[in-house]
Amino acid sequence: MDLENQKRVKEFAEKFGAENVIVVFGAAEGEAAGLAAETVTLGDPTYAGPLTGVSLGLEVYHICEDAIKDEVDAGVYDDQISMMEMVLDVEDIVKEMDAIRSQL
């Protein structure tokens with residue numbers, strides 16, 4: 001997750017309260033999604049950005065997870081996500097996201 005996005009997420013959590021913020025990722029690989037999820041939950045593991053040492057504990061999901069997929073209009077999901085979903089290793093992504101959520 002780049003430094004600007006870390007800053008934005010931190011500002012949203014401060015403004016709205018961490019309990020009111022959910023972060024939805026769209027990374028193409030489980031490892032990338034997991035690293036970004038770790039950044040906004042436990043803090044920046046690279047010690048390079050605004051979330052270094054900041055544990056926001058935010059709820060995190062990937063757009064291809066059923067919990068989010070079920071909340072999106074089916075037509076919109078089909079138009080915007082379904083093609084991507086067909087080429088992703090969704091099981092790996094879900095495994096990574098579950099691993100991060102289990103640490104909260």
Polar side-chain atom of [X] near backbone of [Y] as donor-acceptor pair, under 3.5 Å:
X: Asp44; Y: Ala48; value: yes
X: Asn20; Y: Phe16; value: yes
X: Thr41; Y: Val60; value: no
X: His62; Y: Val94; value: no

Nearest heavy-atom pair of [X] and [Y]: which atoms, and what distance?
X: Gly34; Y: Met97; result: N-SD, 4.4 Å
X: Leu3; Y: Gly49; result: CD2-CA, 3.3 Å
X: Ala27; Y: Ala33; result: CB-N, 3.7 Å

Is there a side-chain contact between [X] and [Y] in this structure, where contact means two heavy atoms from C-beta onward sitting under 4.5 Å apart?
X: Cys64; Y: Phe25; result: no
X: Lys10; Y: Leu51; result: yes
X: Ile100; Y: Gln103; result: yes
X: Asn5; Y: Asp2; result: yes
X: Tyr61; Y: Val23; result: no
X: Ile63; Y: Met84; result: yes
X: Glu29; Y: Ile93; result: no

Distance in Å, Ile81 CD1 paired with Ile68 CD1, rounded so as to fall on 0.5 Å steps: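 Ile81 atom CD1 to Ile68 atom CD1 measures 11.5 Å (nearest 0.5 Å).
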Rounded distance (nearest 0.5 Å) linking atom NZ of Lys7 with atom CD of Glu4: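 Going from NZ on Lys7 over to CD on Glu4, the span is 5.0 Å.
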Check for me, please, whether [X] and [Y] land in the same ILVMFWY cluster - side-chain distances under 4.5 Å, paths through other members count.
X: Val40; Y: Tyr47; answer: no
X: Val54; Y: Ile22; answer: yes
X: Met83; Y: Val87; answer: no
X: Val21; Y: Leu56; answer: yes
X: Leu42; Y: Val24; answer: no

I'd like to know whether [atom1] of [X] has more than 12 heavy-atom contacts from other residues, nucleotides or ligands below 6.0 angstrom.
X: Phe12; atom1: CZ; value: no
X: Glu85; atom1: CD; value: yes
X: Glu91; atom1: CD; value: no
X: Glu14; atom1: CD; value: yes

Residues Arg101 and Glu96 bridged, charged N to O under 4.0 Å: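 Salt bridge absent between Arg101 and Glu96.
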Worked check of side chain to side chain contact (heavy atoms under 4.5 Å, CB included) between Met1 and Leu35: CA-CA 8 Å; Met1 170 177 281; Leu35 182 61; over 6 Å; no
